[in-house]
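First up is the structure itself, then whatever we jot down about it.
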Amino acid sequence: MADTNKPIDPKHERLLKTRGRGAGKDYEPFIKVHELSSQGESVRIRSASVGRVHHLLSGIELYAFLIFDQFEKTIDIREQYPLPIEDTLDICARLGIRHPQVRGFLTVVSTDLLIDLSSGKQLAIAVKPSSELSKLRVMEKLQIEKTFWEARGIEWRIFTQREVTDGMRENLLWIQPYLNPDMTNHQELGVADVQDLLYRLEPYPQAKVTRLCAKLDDQYELDPGFHLSILRHAVAYRFIRAPLDKAFHSWTYGDLALRETVPVAGVNNAS
């Protein structure tokens, strides 16, 4: 039976009626973490750029997401973005590739991350371990995505763990807890709080900010970790611009800058 004559997976057909539509806080990913039989490294995380909870299916996908979420020109991130099955069927027919399917049912091809930039451009990102790129079937599926996006004038890229330096990985894991959707502390942090922190750090331009934050806790008789917590939250939510490729414990005051853009206000707590 030709692929075009095969039925769509009933579950996928049902999900397509409500998933993968809209943008910003209204977007709902095609696949959600709790729907996976084995969650592994999957995670739900709040974004600074969009202000909603996102569903990421692997550790590498989390790193890619955090990097783009910190990118100042990012205004929207849509994860697990489904491609219209009529388009992917057509692409497979033209390329001579078997359409993704399970037990005779066609399955939806999805792009891991679709990034909207303030310039009006978009980036489509396929996230894969580098070890997977030597597999023919993996490359065939990636070719489907590449063909779909390039036909629409949208840049398509592959993101692997090689894109993440050791310093970047350390920094992303450092801010990740502050984007946890279940974390309620410090949700009232505002620009004035961040400005106060930078004002207190400014007289010591050569000091490592992590050590200086501990000294400021003593100086102002505050609980240990108070100033560092503000710094972590401020970086996570894009109040402060910091060099993510340089490990956070090496940062000095000169590495930090208050961003001109105001972080997204409010969070959509939908699952």
Side-chain angles (χ1 to χ4, degrees), residues 24-25 43-54 62-77 115-119 164-165 167-269:
K25 292 185 180 182
V43 65
R44 293 167 64 251
I45 193 167
R46 181 183 290 127
S47 63
S49 58
V50 185
R52 70 169 174 87
V53 175
H54 299 252
L62 171 63
Y63 288 134
F65 172 85
L66 289 172
I67 288 170
F68 283 104
D69 191 42
Q70 285 292 307
F71 185 44
E72 199 157 4
K73 294 183 179 180
T74 296
I75 59 174
D76 197 4
I77 305 177
I115 316 294
D116 288 9
L117 304 176
S118 56
S119 63
V164 187
T165 64
M168 193 179 295
R169 183 179 296 105
E170 190 172 2
N171 292 332
L172 296 176
L173 293 176
W174 188 62
I175 65 174
Q176 180 189 348
Y178 284 76
L179 297 168
N180 186 320
D182 300 319
M183 183 173 181
T184 57
N185 295 334
H186 309 291
Q187 294 306 305
E188 301 304 317
L189 184 72
V191 175
D193 299 304
V194 180
Q195 288 175 326
D196 284 344
L197 173 64
L198 293 177
Y199 177 77
R200 293 175 183 180
L201 295 173
E202 186 176 11
Y204 313 95
Q206 303 304 318
K208 300 292 190 293
V209 292
T210 50
R211 297 178 183 175
L212 186 52
C213 281
K215 293 181 179 180
L216 290 173
D217 291 340
D218 294 337
Q219 181 180 336
Y220 288 89
E221 299 182 345
L222 295 167
D223 291 337
F226 177 84
H227 286 87
L228 190 61
S229 180
I230 292 179
L231 176 62
R232 291 174 73 182
H233 190 165
V235 173
Y237 278 92
R238 306 205 308 187
F239 285 92
I240 286 178
R241 184 190 299 109
L244 290 184
D245 56 345
K246 178 181 178 181
F248 68 87
H249 45 77
S250 298
W251 294 348
T252 63
Y253 173 79
D255 291 319
L256 310 178
L258 190 67
R259 292 185 190 255
E260 295 179 2
T261 54
V262 179
V264 173
V267 173
N268 184 339
N269 291 317

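The figures that follow rest on heavy atoms only: side chains count, while hydrogens, waters and symmetry mates do not.
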Answer yes or no: is there a donor N or O on one side and an acceptor on the other, between the side chain of [X] and the main chain of [Y], under 3.5 Å?
X	Y	answer
Asp193	Leu189	no
Asp76	Gly24	yes
Gln70	Ala236	yes

Hey, does [Y] have a side-chain heavy atom less than 4.5 Å from the side chain of [X]?
X	Y	value
Val194	Leu231	no
Leu197	Phe239	no
Leu228	Asp217	no
Arg46	Asn180	no
Leu179	Tyr237	yes
Ile240	Arg259	no
Arg169	Leu172	no
Leu117	Ile75	no

How far does [atom1] of [X] sit from [atom2] of [Y], to the nearest 0.5 angstrom?
X	Y	atom1	atom2	value
Leu216	Leu222	CG	CG	9.0 Å
Gln176	Tyr63	CD	OH	8.0 Å
Ile115	Phe68	CD1	CZ	5.5 Å
His54	Leu66	NE2	CG	10.5 Å
Arg52	Ile45	CZ	CD1	12.0 Å

Next on the checklist: Are more than 12 heavy atoms, taken from residues, nucleotides or ligands other than Lys246, located less than 6.0 Å from that residue's NZ atom?
Outcome noted: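 Enclosed: over 12 neighbouring heavy atoms sit under 6.0 Å from NZ of Lys246.
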Checklist entry - Just wondering, more than 12 heavy atoms not from Asp218 lying within 6.0 Å of its CG? => result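 Enclosed: over 12 neighbouring heavy atoms sit under 6.0 Å from CG of Asp218.
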Checklist entry - Taking 4.0 angstrom as the limit, do Arg241 and Glu72 come out as a salt bridge? => result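 So Arg241 pairs with Glu72 through a salt bridge.
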Checklist entry - Phe248 ring centre to Arg232 NZ or CZ under 6.0 Å, with the angle to the axis within 45°? => result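 Output no; distance or angle outside limits.
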Checklist entry - Going through the distances and angles, do Thr74 and Arg238 end up as a side chain to side chain contact (heavy atoms under 4.5 Å, CB included)? => result CA-CA 11 Å; Thr74 296; Arg238 306 205 308 187; 4.1 Å; yes
Next on the checklist: Show the nearest heavy-atom pair for residues Gly51 and Ser47, with the distance to one decimal.
Outcome noted: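 Here Gly51 and Ser47 meet closest at N-OG, 3.0 Å.
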Item to check | Residue pair Trp251 / Pro243: nearest heavy atoms and the distance that separates them | outcome: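 Heavy atoms of Trp251 and Pro243 come nearest at NE1-O, 3.3 Å.
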Checklist entry - Taking it one step at a time, do Phe226 and Cys213 satisfy side chain to side chain contact (heavy atoms under 4.5 Å, CB included)? => result CA-CA 8 Å; Phe226 177 84; Cys213 281; over 6 Å; no
Checklist entry - When the ring planes of His227 and Tyr220 are compared, do they come out parallel, tilted or perpendicular, using 30° and 60° as the limits? => result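 Rings of His227 and Tyr220: tilted, as their planes differ by 30° to 60°.
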Checklist entry - Are a donor atom and an acceptor atom from the side chains of Tyr204 and Thr252 found within less than 3.5 Å of each other? => result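 The criterion, which ignores hydrogens and geometry beyond distance, is not satisfied for Thr252 and Tyr204.
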Next on the checklist: Hydrogens and angles aside, do Ser49 and Asp69 bring a side-chain donor and acceptor to less than 3.5 Å of each other?
Outcome noted: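 Yes, a side-chain donor-acceptor pair sits under 3.5 Å.
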